[in-house]
Amino acid sequence: MTPRTPRAKATSASAQPSYDTESATLLPTATPIQLVDAEGNPSTAETGNLPLPDDAALVRAHELMVMGRRFNDQAGALVRQGRLAVYPSSHGQEACQVAAAMVLGDQDWLFPTYRDTVAAVSMGVDPVQILLLLAGDWHAGYDPYEFRCAPTATPLATQLVHAAGLAYAAKVKGEDKVVVAMCGDGATSEGDFHEALNFAAVFKCPVIFLIQNNEFAISVPLSRQTAAPSLAAKGVGYGMPGKRVDGNDVAALLAVMGEAADRARRGDGPTLIEAHTYRMQAHTNADDATRYRTAEEVEPWVARDPITRSEAHLRSRGLLDDAAVADLKQRAEEMAAEMRLGIGKDRDLDPAELFEHVFAKPTPQLLEQRAQLLDELAREEATK
Amino acid sequence: MTPRTPRAKATSASAQPSYDTESATLLPTATPIQLVDAEGNPSTAETGNLPLPDDAALVRAHELMVMGRRFNDQAGALVRQGRLAVYPSSHGQEACQVAAAMVLGDQDWLFPTYRDTVAAVSMGVDPVQILLLLAGDWHAGYDPYEFRCAPTATPLATQLVHAAGLAYAAKVKGEDKVVVAMCGDGATSEGDFHEALNFAAVFKCPVIFLIQNNEFAISVPLSRQTAAPSLAAKGVGYGMPGKRVDGNDVAALLAVMGEAADRARRGDGPTLIEAHTYRMQAHTNADDATRYRTAEEVEPWVARDPITRSEAHLRSRGLLDDAAVADLKQRAEEMAAEMRLGIGKDRDLDPAELFEHVFAKPTPQLLEQRAQLLDELAREEATK
Amino acid sequence: MTPMPSAGTPSPRVEKITVMQALNRAMRDAMTQDENVHILGEDVGTLGGVFRVTDGLTKEFGERCFDTPLAESGIMGFAIGMAMGGLRPIVEMQFDAFAYPAFEQIASHVAKVRNRTKGQVSLPMVIRIPYGGGIGGVEHHCDSSESYYTHTPGLTVVAPSNPADAYHLLRAAIASPDPVIVMEPKRLYWSKAEVDLSRPRPGIGKAAIVRDGTDATIVTYGQSVPVALEAAEVAKREGRDLQVVDLRTLVPFDDATVMSAVASTGRVVVVAEAQGFSSFASEVAARVGERCFHSLAAPVRRVTGFDIPYPPPKLEKHHLPTVDRILDAVDSLQWEDQ
Amino acid sequence: MTPMPSAGTPSPRVEKITVMQALNRAMRDAMTQDENVHILGEDVGTLGGVFRVTDGLTKEFGERCFDTPLAESGIMGFAIGMAMGGLRPIVEMQFDAFAYPAFEQIASHVAKVRNRTKGQVSLPMVIRIPYGGGIGGVEHHCDSSESYYTHTPGLTVVAPSNPADAYHLLRAAIASPDPVIVMEPKRLYWSKAEVDLSRPRPGIGKAAIVRDGTDATIVTYGQSVPVALEAAEVAKREGRDLQVVDLRTLVPFDDATVMSAVASTGRVVVVAEAQGFSSFASEVAARVGERCFHSLAAPVRRVTGFDIPYPPPKLEKHHLPTVDRILDAVDSLQWEDQ
Ligand SMILES: Cc1ncc(C[n+]2csc(CCOP(=O)(O)OP(=O)(O)O)c2C)c(N)n1
Ligand SMILES: Cc1ncc(C[n+]2csc(CCOP(=O)(O)OP(=O)(O)O)c2C)c(N)n1
Ligand SMILES: [Mg+2]
Ligand SMILES: [Mg+2]
């Protein structure tokens, strides 16, 4: 670790950040960056001068999206069967989630939300383990260190600050680590969003903030969330570049995220990325979306599906054929079967574990309480 | 009150805010708007195409600044005499504070911080009453409704949300009310700053957010607070115009604030204004600024004093002469004498009042506790 | 007082409604009577709230029941400003743990504004918080957070346990000149009772003896009330006659009712879902110990949640006060000393 | 154990230092030993903190003691991430009430991360909070906020009352694999004592009997300890022999020491500055009532702040526990029944 010198005292009025330049250069493009259009053809829209990612990456992304979609479908089915209490589906948002994971290397970290299970699975988290939260077994079902994937966060935007802090730790320890921190459009209204971006920018943390703007926060449309010209435009207020990207174009996402990851790795600090996508399903199965939007509103987004688009693109370029599609489908089915098996299985839950992890060492009070519970259970058992 | 119709459902993807325009137009000017330069001459810098305020306003502003400076000096003296526990001086920031009050009409409200006592006094708050907090008598020493001036806020940025809420109430009640909400550069880092601006913009509340960027948050320089090109640049992230203004040029402040007030009154929503000024003294008398900045750093700002500048300007235009200056000084001395008298005076504080205002009607528990205290005091009295 | 309907001929005003409907009705009636009553929160508008407590109110009252940006501190602070500006805001927090971002606004402003200003500024606002567990909710959706608020001077805190109280306590909260926190018993939202909403009920600050009994007193509130009543039912069969006090209001505390109830039995169990340490239940136990010391035949027992973060759904049954656990506590009240 | 220096020849290690110096020393020593220890907060760097507790640390350790943007939730969340990333952050909150913006990060994350992850992620972090009144501070600068934290499962909470404990408890907090909240006794920052920091002290979770006595037990902590000791001094002259227990740690609670102390006297007064309702002091009273019921000769009395927002400076003397008020409480312990 390189020893750090104390920060210089503020020296003069000119120690102010330079007001005169930059602002405009930090603003996002007027329209989202797109590399592949909805039909799978090279985009004629704003490309941000970014080249298409290499073929292998595009194929890999497609595979992960297909797996992700199958994951979403299977989780939904498990809810209907009563195996999961609830599931926030990311159907339609697979491109964002896959890209978030793909730009990360072996040292890098992901900070996902409850809707980002496909991103977590793309990081390698076991599909069954990540569902244990929703199955009701325990809160976080996997080891965050094993997968460099923080527990999926429910309290909105809180995880963004953690992400910045972990990136800071990596920086001061001299580790080469990039962090992707994810949130939704609604979460951008929380104070923690603001504080996270500000800390990350002030300390030039190697972190990428990825907003999946799916136009809704439960029932609340984006127009109620902000009056900003775009969510990406918020970046300038922190002195970080804001990028807008077509959230259903995995090629564009890989390119924009990849650029931001390079920037972070170079030590140039954070980037704010707004991926414009759409929440195709209700907020969760417990939600009734017909109360606040019509089928006609959802309709146009079907044609913009990220997987259809990617398949068309890859097929047109000869990177995917029927055999590969069938093979992929097969692998996805295998994963789904594992999910059904894993979640369907009866798992022994030990009530004593309730007291085990509150502290590294249970307090005398917790030991008493555990003894009380075990005694109750023993008596119950005895009277059976 | 006009009945309001339920808000329209989000209709389609095109209900998104328009990303394509605006951003740039919301950005502040590259340099702060200035109408009168440090020597009191018409500025040759960025004027934002704003005309000079009328003579009467400039003279009035000068008077209020002189009174404000005297207020600051006297409060400082009262601290040294042990009459006040603490005083956060706004010496050097009088132009911002006076302008904040002056753009407000008889219906309008101010939400000041602990450092904005000069703004409050300019709203008509009694100079003695506003110091009662710092004298230790009670928390808020004046009636907020009488002066349309919220209690000076200590928890940073919290008052900005209140300001937006009060402006919203005025709006739905159809009242013509504009609100000025003040904060410092440091406070812009708080989550509540973000939430306040966002609410104000989404609901188009008639509120002006005035940041006094005095380059320090206690010891922490602005460069540690943000990496943004300017604080005013944060406006675009909420879809509101951001303005930069020379915080020591009362003419520019009146013009920029006035324009924002007009905008608010027209129903066009909030404006973010960053006034660049400097904290000439320590954070409070309890602070030791020599620990984190040198006298040389402060030095250049002496020449930019807002009152010297205003006096030079008014004199050069024949709007102020020696007689007027002497008369003003006299009035300021009278106010200072009243402050000394008012704060020096022994005031009877009733311990029973501790229980009086916790609820509209004291609870049985508070009545018991009051009885206990009164009994103690009676016994103490008896043994004297 | 409305006269009691004669037996056999139910008054037309008697109706069977849920806690949720009662809350909804309270807001609707208040909004109809006073145009200054406004509701704000996340998804309270078109959706009618994630629990549907505000269902139909936006349709009826337009922007007076409105969705805000997703920011609880902002919602709370905005409501403070609205109240200062002459409105009577009702804030819905979506779930207990999601009120925490608003904690500074609550503790440093909502609770203090009247006092800071010597009564010159009052804040007539209501903060509705669905609290508690037992609904199979995942982490952060089942906290019993009332003790944070009962510990904060300046906050009135009510906790209804049934439709009638839900209606009347919420009406009283809206009418109060002071900020009132309504801890809504999430698990009981769908529980029904026959009520006549036109009949007055005891106001804020009054506990109710919801079951008479002579052997021991169970002091409880909110969604633990039905559990306590059930325990009393079972105890009855086992030969013990339990009195149940439904506190209804946590702050201000109804010492008079509680202490006289306790004095009448000499044995007390306090029941609440929240983790017990440093909790409102601790206060009840401490007060009873302090004020009824010589009437007590046995130590005051507490049946509360364990001192652990709220458990995952599959384990929550072990954490929540159950009939058995209450009966165990009752059993431990040193009957051998009788 | 280091041997006691022989009387008359003070060991060179004995020195007279303030609580503030002890805290400063604890951080300095920890930072010297472990490069993963970092300090962050508002004004902790160049300025050394508004109370100067971190004085000189930036000079010595550079950016390892660093100023952050002014945002408490951000600071807390950033520290969580730092801890997850392998550092051992120490967070300074500038004043008690200014920790409230961080409440969600504390309650929903700091307290829960280990449990959520089945122990796979631990958060070795320290949150230092200067608490309490008696310094003539204006509103929001004098809250006793410990009960919010003691009620939150997963948080260890310590409250030193003297330089030696300040040093050792903070060292232990930094060494702990779990998050520890250190309630620093603001008013005692400048209070001095002769200490030998090289001598070990009881660790986290151990209360200390700081004065022996046979007539009644005062249970207290933090900045109320000197007041209790003074009361005991006066009581002695008045013929009553008071035992004083300094809890040192609020969570986990040292039941063993407290209950055996109480059993030895049979009379108890709990003293704390915080408003009493639903507070940590309620817990102490409730526990003692529950566990020492048959040893008690009189009800447990509490001497706490009133249930009001912290008063303005000129009135705070009426609010804070005083020697007289403690003695009044002792007097009320039904001595006539002896
Ligand atoms: C602090 C907090 N407040 C409220 C909630 C309840 N809640 C869960 S998801 C959600 C909407 C989030 O919308 P968005 O950020 O757009 O993410 P999306 O669900 O669309 O992916 C809300 C209000 C929460 N989890 N945390
Ligand atoms: C929420 C909160 N955190 C911390 C503080 C302590 N504090 C008081 S003033 C101050 C610095 C504020 O700086 P700035 O916003 O720039 O205003 P200035 O004092 O320069 O006018 C701090 C940290 C506070 N009052 N409130
Ligand atoms: Mg969304
Ligand atoms: Mg400042």
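Each chain gets a letter, A, B and so on, in the order its sequence line appears, and its residues count up from 1. Atoms considered below: every heavy atom in the structure, side chains included; atoms not considered: hydrogens, waters and symmetry mates. None of these values were measured; they are calculated from a predicted model.
Of the listed residues (A:Ile218, A:Leu132, A:Val358), the greatest number of heavy-atom pairs within a distance under 4.5 Å of chain C belongs to A:Ile218. When the candidates A:Leu156, A:Thr154, A:Thr158 are compared by the number of heavy-atom contacts under 4.5 Å with chain C, A:Thr154 comes out ahead. Between chain C and the options A:Leu366, A:Thr188, A:Leu134, heavy-atom pairs under 4.5 Å are most frequent for A:Leu366.
Closest non-hydrogen pair, C:Tyr310 versus A:His139, comes out as O-CE1, 3.2 Å. Nearest heavy-atom pair, C:Pro312 versus A:Leu354, reported as atom, atom and distance to 0.1 Å: CD-CD2, 4.3 Å.
Atom CD1 in C:Ile308 sits 14.0 Å away from atom CD in A:Gln365 (nearest 0.5 Å). Distance CZ/A:Arg291 to CG/C:Asp55: 4.5 Å, rounded to 0.5 Å. Note: C:Asp43 CG to A:Asp287 CG = 8.0 Å, rounded to the nearest 0.5 Å. Interatomic distance, OG1 of A:Thr363 versus CZ of C:Phe277, reported as 9.0 Å (0.5 Å rounding). To the nearest 0.5 angstrom, C:His318 atom NE2 is 12.0 Å from A:Glu353 atom CD. A:Arg224 contributes atom CZ, which lies 7.5 Å from atom CZ of C:Phe66 (distance to the nearest 0.5 angstrom).
A:Trp138 is listed as a side-chain neighbour of C:Leu315, based on a closest heavy-atom distance under 4.5 Å.
Looking at A:Asp185, there are no atoms closer than 4.5 Å to chain C (heavy atoms on both sides), in backbone or side chain. Contact annotation for A:Ala157: neither backbone nor side-chain heavy atoms come within less than 4.5 Å of a heavy atom of chain C.
For a heavy-atom cut-off of 4.5 Å, chain C lies close to A:Ser189, A:Glu190 in residues 189-198 of chain A.
Evaluation of the salt bridge (Lys or Arg N to Asp or Glu O under 4.0 Å) rule for C:Glu42 yields no partner, not counting sequence neighbours.
Dense packing is recorded around CZ of C:Arg325, with more than 12 heavy atoms of other residues, nucleotides or ligands lying under 6.0 Å away.
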- request: Could you walk me through whether C:Asp324 and A:Arg379 pass the salt bridge (charged side-chain N to carboxylate O under 4.0 Å, His left out) test, one step at a time?
  value: CA-CA 11 Å; C:Asp324 281 346; A:Arg379 284 186 286 139; over 6 Å; no
